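Heads up, the thing below is written out as structure tokens.
Any value given below was found using the heavy atoms of this structure, including those in side chains, with hydrogens, waters and symmetry copies removed. Keep in mind that what you see is a predicted model, and the values were worked out from it rather than measured.
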Amino acid sequence: PYQLPTTPPYTQTSLPTNKPPCTNHHPHHHHRHTMSPPPPTPAAKAPKMPKMKRDRPHYPFWLGGSASCMAAVRLQTLGAQTARPSMSGTLVTILRTEGVLAIYSGLSASLLRQATYSTTRFGVYEEMKSRLKTPGGDKPGFGALLTMAFVSGGIGGLAGNPADVINVRMQQDRANPPGQRRNYRHALDGLVRMTRTEGVSSLFRGVGPNALRAGLMTASQLATYDHAKALLLTYTPLRDGMGTHFAASLLSGLVATTVCSPVDVIKTRIMTSHDTHGIWHLLRETTRREGLRWAFRGWVPSFARLGPHTVFTFLALEQHKKVWRWLHADREDGAATMAV
């Protein structure tokens with residue numbers, strides 16, 4: 001009789017496992033297929049909030065004057081040019097004959113000058129920069145900076161001329177013979193006595209050269225500093241910090257000393273001269289006696305005075321701005337959030 005095979009029947013479950021899974025969904029197929037869940041629907045992205053372009057901070061008018069006063073207190077020195085042969089000889093003579101406090105003679109006049117002249121020129125310059133709008137929204141170019149700084153300096157020179165006259169006279173007084181000394185006790189005393197003895201017009205003596213010098217000084221200082229700082233941040237690995245501020249301000253002081261040296265000599269000699277024939281007569285006589293070398297006479301002591309003063313002024317100004325931004329950060333962020 002026929003015998004059944006001893007091997008179990010070849011069932012579907014013993015099919016080789018390397019076969020691809022069945023994809024036939026015919027109703028007679030008895031395989032059970034587990035349906036995979038549909039892919040999750042991607043979550044809708046939250047709409048991006050529009051970025052608000054933060055405007056340039058609007059600094060107060062007095063910020064530059066405050067920084068200049070701090071630099072004046074720190075680096076109070078002698079005035080522009082004196083009749084003594086050298087800066088080192090002048091310093092030794094003053095310390096030997098008049099003491100250490102004599103170096104700070106005229107500090108009140110220097111502070112009054114910075115409070116009027118520097119406050120005005122820095123304030124007007126920053127105000128003009130904040131109001132200047134370029135078509136592409138970029139920062140103003142070097143030519144525009146020079147123009148704004150020159151105008152700002154001229155206005156500052158006009159505002160600070162009385163204090164400048166007192167400042168130069170008080171610093172020059174030690175070089176005069178005892179009989180010709182004015183012996184102002186402080187800046188306000190000098191202003192009152194000058195007005196009483198020489199008239200109100202004496203407060204604006206030499207205002208033309210002084211305004212020209214102030215315009216050249218501000219253009220060569222402020223515009224050069226801003227432009228040099230932008231170049232350093234763009235073409236060097238330096239960041240917006242103390243090193244960049246120091247390098248830009250040192251270059252600014254070098255340029256300012258070279259540009260303003262001739263006008264500085266003229267201004268000082270007009271304010272201290274007893275010549276009543278006018279500026280052109282004084283220039284002719286000076287050129288006849290000394291030649292054209294008078295234009296850069298005293299350049300080294302001028303840079304020794306103006307260079308550190310420029311560096312300290314801009315370092316103090318940058319710190320002033322940093323503190324101002326920190327104090328007003330919450331208010332600006334709140335205003336930007338409300339605008340969004």
Nearest-0.5 Å distance, CD of residue Glu198 to CZ of residue Arg196
13.5 Å
Could you report the tightest heavy-atom contact between Asn161 and Leu203, atom names first, then the distance?
ND2-O, 2.8 Å
Would you say that Gln221 contacts Leu306 through its side chain, given a criterion of any heavy-atom pair below 4.5 Å between the two side chains?
yes
Please check this pair: side chain of Asn210 against backbone of Leu158, looking for a donor-acceptor N/O pair closer than 3.5 Å.
no
To the nearest 0.5 Å, how far apart are CD1 in Ile166 and OG in Ser108?
9.5 Å
Under 4.5 Å between side-chain heavy atoms, hopping through other hydrophobics if needed: is there a path connecting Leu238 to Phe314?
no
Say whether, by atom type as modelled, one donor and one acceptor occur between the side chain of Ser202 and the main chain of Gly199 under 3.5 angstrom.
yes
For the hydrophobic clusters of this structure (ILVMFWY residues joined by side-chain heavy atoms under 4.5 Å, transitively), does one cluster hold both Leu146 and Leu212?
no
Check whether more than 12 heavy atoms from other residues, nucleotides or ligands sit under 6.0 Å from atom CZ of Arg239, and answer yes or no.
no
How would you list, by chain and number, every residue that makes a salt bridge (Lys or Arg N to Asp or Glu O under 4.0 Å) with Arg284, sequence neighbours excluded?
none
Please say yes or no: joined through hydrophobic side-chain contacts below 4.5 Å, possibly via intermediate residues, are Leu231 and Phe142 part of one cluster?
no
Is a side-chain donor or acceptor of Arg182 paired with a backbone partner of Arg193 at a separation under 3.5 angstrom?
no
Can you give me the closest heavy-atom contact between Gly153 and Ala214, atom names plus distance?
O-CB, 3.0 Å
Separation of Phe150 CZ from Ser220 OG (nearest 0.5 Å):
10.5 Å
Which heavy atom of Met194 sits nearest to which heavy atom of Tyr184, and what is that distance?
CG-OH, 3.5 Å
Can you list every pair that meets side-chain hydrogen bond (donor to acceptor under 3.5 Å, both in side chains) and has a residue in residues 243-253, with sequence neighbours left out?
Asp240-His245
Using atom types as modelled and distance alone, determine if a side-chain donor or acceptor of His227 lies under 3.5 Å from a backbone N or O of Ala223.
no
Nearest 0.5 Å please: distance from the CD1 atom of Ile155 over to the CE atom of Met128.
7.0 Å
Between Thr119 (side chain only) and Thr116 (backbone N and O only), is there a donor and an acceptor less than 3.5 Å apart?
no
Where do Pro140 and Leu132 come nearest, in terms of heavy atoms and distance?
CB-CD2, 3.3 Å
Is there a side-chain contact between Met70 and Gln319 (heavy atoms, below 4.5 Å)?
no
Which atom names give the shortest non-hydrogen contact between Phe312 and Ala71, and what distance separates them?
CB-CB, 3.9 Å
Smallest heavy-atom separation, Phe61 atom then Val124 atom, equals CE1-N, 3.6 Å
Under 4.5 Å between any side-chain heavy atoms of Arg325 and Tyr59, yes or no?
yes
Following the transitive rule for hydrophobic clusters with a side-chain heavy-atom cut-off under 4.5 Å over Ile, Leu, Val, Met, Phe, Trp and Tyr, establish whether Met217 and Phe122 coincide in one cluster.
no
Pair Glu318-Tyr225, side-chain donor/acceptor within less than 3.5 Å:
yes
State the CG-OG1 distance between Leu317 and Thr313, to the nearest 0.5 angstrom.
8.5 Å
With salt bridge (Lys or Arg N to Asp or Glu O under 4.0 Å) as the rule and sequence neighbours excluded, what pairs involving residues 212-221 come up?
Arg213-Asp264
Answer yes or no: does atom CZ of Phe246 have more than 12 heavy-atom neighbours from other residues, nucleotides or ligands under 6.0 Å?
no
Got Phe303 and Thr258 here, is their nearest side-chain heavy-atom distance under 4.5 Å?
no
OG/Ser66 to CD/Gln114 distance, rounded to the nearest 0.5 angstrom?
11.0 Å
Would you say Leu250 ends up clustered with Trp299 if hydrophobic residues are merged whenever their side chains have heavy atoms under 4.5 Å apart, either directly or through other cluster members?
yes
Do we see a donor-acceptor contact under 3.5 Å between the side chains of Asn167 and Tyr117?
no
